[in-house]
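Have a look at the structure below, then the notes.
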Amino acid sequence: MYWSVLILSGVLEAVWATALSASRGFRRPWPGVVFAISMTASVAGLAYAMRAIPVGTAYAVWVGVGAVLTVLVAVLRKEEKLGLAKALLLAALIGCVAGLKAVS
């Protein structure tokens with residue numbers, strides 16, 4: 001359960017990061033609302049997961065999942081390009097997250 005909540009919290013991190021960008025410095029209200037709600041839920045989920053998962057592992061997984069998904073959303077929205085090097089590094093990051101789960 002804790003790991004599922006942690007992964008979902010990482011997904012919500014990608015939501016709030018994308019919404020923060022879309023808010024254009026909080027000049028657009030609805031992305032700002034999505035940012036506030038998803039950030040609150042994301043951090044709450046991280047806090048919950050830290051009840052059973054060590055802080056370093058939980059934080060690394062949360063950031064890793066959020067970072068990879070944020071980049072993928074930006075690529076899909078054509079805001080960022082995905083070259084071979086970036087794709088390999090993102091794959092390595094996913095591998096590191098899976099490795100942290102495996103050794104925990």
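Counting from 1, the numbers follow the sequence of the chain as shown. Bear in mind the structure is a predicted one, so any value in this text is a computation, not a measurement.
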Under 3.5 Å, is there a donor-acceptor pair between the side chain of [X] and the main chain of [Y]?
X: T70; Y: A17; result: no
X: K81; Y: V75; result: no
X: R27; Y: R24; result: yes
X: T57; Y: I53; result: no
X: S23; Y: L20; result: yes

What are the two closest heavy atoms between [X] and [Y], and how far apart are they?
X: L69; Y: A14; answer: CB-CB, 3.5 Å
X: V63; Y: E13; answer: CA-OE1, 3.5 Å
X: V5; Y: G45; answer: CG1-O, 3.5 Å
X: A67; Y: L93; answer: CB-CD2, 4.3 Å
X: Y2; Y: A52; answer: CD1-CB, 3.3 Å
X: A19; Y: V34; answer: CB-CG1, 3.8 Å

Does OH in Y59 sit with more than 12 non-hydrogen atoms of other residues, nucleotides or ligands closer than 6.0 Å? no
Establish whether [X] and [Y] are linked, either directly or via other cluster members, by ILVMFWY side-chain heavy-atom contacts under 4.5 Å.
X: V71; Y: V73; result: no
X: V61; Y: V43; result: yes
X: L90; Y: L76; result: no
X: V65; Y: Y48; result: yes
X: L100; Y: M1; result: yes

K101 meets the side chain to side chain donor-acceptor pair (under 3.5 Å) criterion, sequence neighbours left out, with none
Can you list the residues that meet the side chain to side chain donor-acceptor pair (under 3.5 Å) rule with T18, with sequence neighbours excluded? none
Parallel, tilted or perpendicular: ring planes of W16 versus W62, cut at 30 and 60 degrees: tilted
Spacing of [atom1] belonging to [X] relative to [atom2] belonging to [Y], to within rounding of 0.5 Å:
X: L72; Y: E80; atom1: CG; atom2: CD; result: 9.5 Å
X: S9; Y: W3; atom1: OG; atom2: CH2; result: 12.0 Å
X: I7; Y: L12; atom1: CD1; atom2: CG; result: 11.5 Å
X: L6; Y: S104; atom1: CG; atom2: OG; result: 9.5 Å
X: L46; Y: L8; atom1: CG; atom2: CG; result: 12.0 Å

